[in-house]
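So the structure is just underneath, and the comments pick up after that.
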2 protein chains.
Amino acid sequence: MNENQAGAATTVRWLEPHEQRAWRAYLDMNAQLSARLNREMQEESGLSTADFSVLVQLSEHVDARMRVLELARALGWEKSRLSHQLTRMQQRGLIERSNCSEDRRGAFIVLTAGGRDAVEGAAPRHVESVRRYLFDELTPDQVDALGAIARAVTDRLGAGCAGIADVCADTADPCD
Amino acid sequence: MNENQAGAATTVRWLEPHEQRAWRAYLDMNAQLSARLNREMQEESGLSTADFSVLVQLSEHVDARMRVLELARALGWEKSRLSHQLTRMQQRGLIERSNCSEDRRGAFIVLTAGGRDAVEGAAPRHVESVRRYLFDELTPDQVDALGAIARAVTDRLGAGCAGIADVCADTADPCD
DNA sequence: TACATTTTGTTGACGGCTCAACAAGATACA
DNA sequence: TGTATCTTGTTGAGCCGTCAACAAAATGTA
């Protein structure tokens, strides 16, 4: 965009050139890095990164079984996104839905043996990719800086309450 | 995932705890920031961030008209993604396709008056959002660090050739 | 008990992205 | 000229994500 905007333009604090460059570089990094990681995981392990995230959460959990909303909160996903995702993963034998005796509305999501094999096969390759494209290119200071930046931003955004009011505690929006 | 993997696990360089934290923080930042910016632009201006990116490219270009592949290269998108996107944008009157006399296969993509109004209306609000959620939370050093990190990673990834071989010069893959 | 409200989770419609296939014009070259 | 190849761009199938609507069970309250 150029800076000769009509209307309220005079009051807009446009990005400074170095901010503009940082912002576009960040957008590029994101787009390229996520595309690359997704494609490599798909080719090497037959999983999407979304599949992988779900499997990792389950495999890290005691008994490898979780309630749907528990999983949604852990992932920061909307429940309907997760439900669709679980349907697809169930069809491929990565997870199973089992009834919950304490709450008959509910379902437990259970990691299958195939799901465990898939995540354990994908994890080492994925770590290698993340190292290759990200950490190997950064100095230790840059790694720490990235972490600090990301935490500052997610703190501002409400640490998971943006757009997933669905699965967040119904407190007042702490974001403004 | 835990680190007691079967098989080749002994040779895998798992992420160190501080790398793990930085990585997950980065993933969270991305997911939340892009979701928030997308939602705000949709609510305030009726555009997706994809619409906005296309409109910005066009509006920055002399005559506000570009060939499809030129646009695809500028955005780092696959041509088919762009083609679908343009079809939707054309239906909403944001852009028009016009014939190219020099190359009768080709099409010029032209920004309409409505498209220009849309991008000029959206830009100030979008800048405010980007400031609010990102730059206002970062120190000047962090802004520079973010830019440097992003450039290091995109350089490693081949600066736009990842997954869009479609629209890239057909050089050998410089990524491995 | 009866009834409203909240919580849990699924579904369908629709926009968006990727991939492979395709059409048609441009280009190279014999 | 003829023809093989490359380039430009679109299309359709299918997966993915969001939104709104819904069903059913749990919970609160009279």
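Because the structure is predicted, anything quoted here is derived from the model rather than measured. Order of the sequence lines sets the chain letters (A, B, ...), proteins ahead of strands, with each chain counted from 1.
- Atom CG in A:Asn99 sits about 13 Å away from atom C1' in C:dT8, given to the nearest Å.
- Of the side-chain N and O atoms in A:Arg39, none sit less than 4.0 angstrom from OP1 or OP2 of C:dT18.
- Here D:dG17 presents its C1' atom at 15 Å from NZ of A:Lys79, a figure rounded to the nearest Å.
- Considering only side-chain atoms of A:Arg67, the nucleotide from D:dT18, C:dA26, C:dT8 that sits closest is C:dT8.
- Computed from coordinates, the A:Arg105 CZ to D:dA25 P distance equals 10 Å when rounded to whole Å.
- DNA chain D is contacted by A:Arg81, A:His84, A:Gln85, A:Arg88 of residues 81-96 of chain A, taking any non-hydrogen atom closer than 4.0 Å.
- Rounding to whole angstrom units, CG of residue B:Leu75 and P of C:dC17 are separated by 11 Å.
- C:dT11 atom C1' lies 15 Å from atom CD of A:Glu78, rounded to whole Å.
- Of the side-chain N and O atoms in B:Arg97, none sit less than 4.0 angstrom from OP1 or OP2 of D:dG9.
- Comparing C:dC19, C:dC17, C:dT8 by their nearest atom to the side chain of B:Ser80 picks out C:dC19.
- For a distance-only test at 3.5 Å, the side chain of A:Ser48 fails to qualify as a donor-acceptor partner of the base of D:dC16.
- Here the side chain of A:Leu69 is nearest to one of D:dT7, C:dT18, C:dG9, namely C:dG9.
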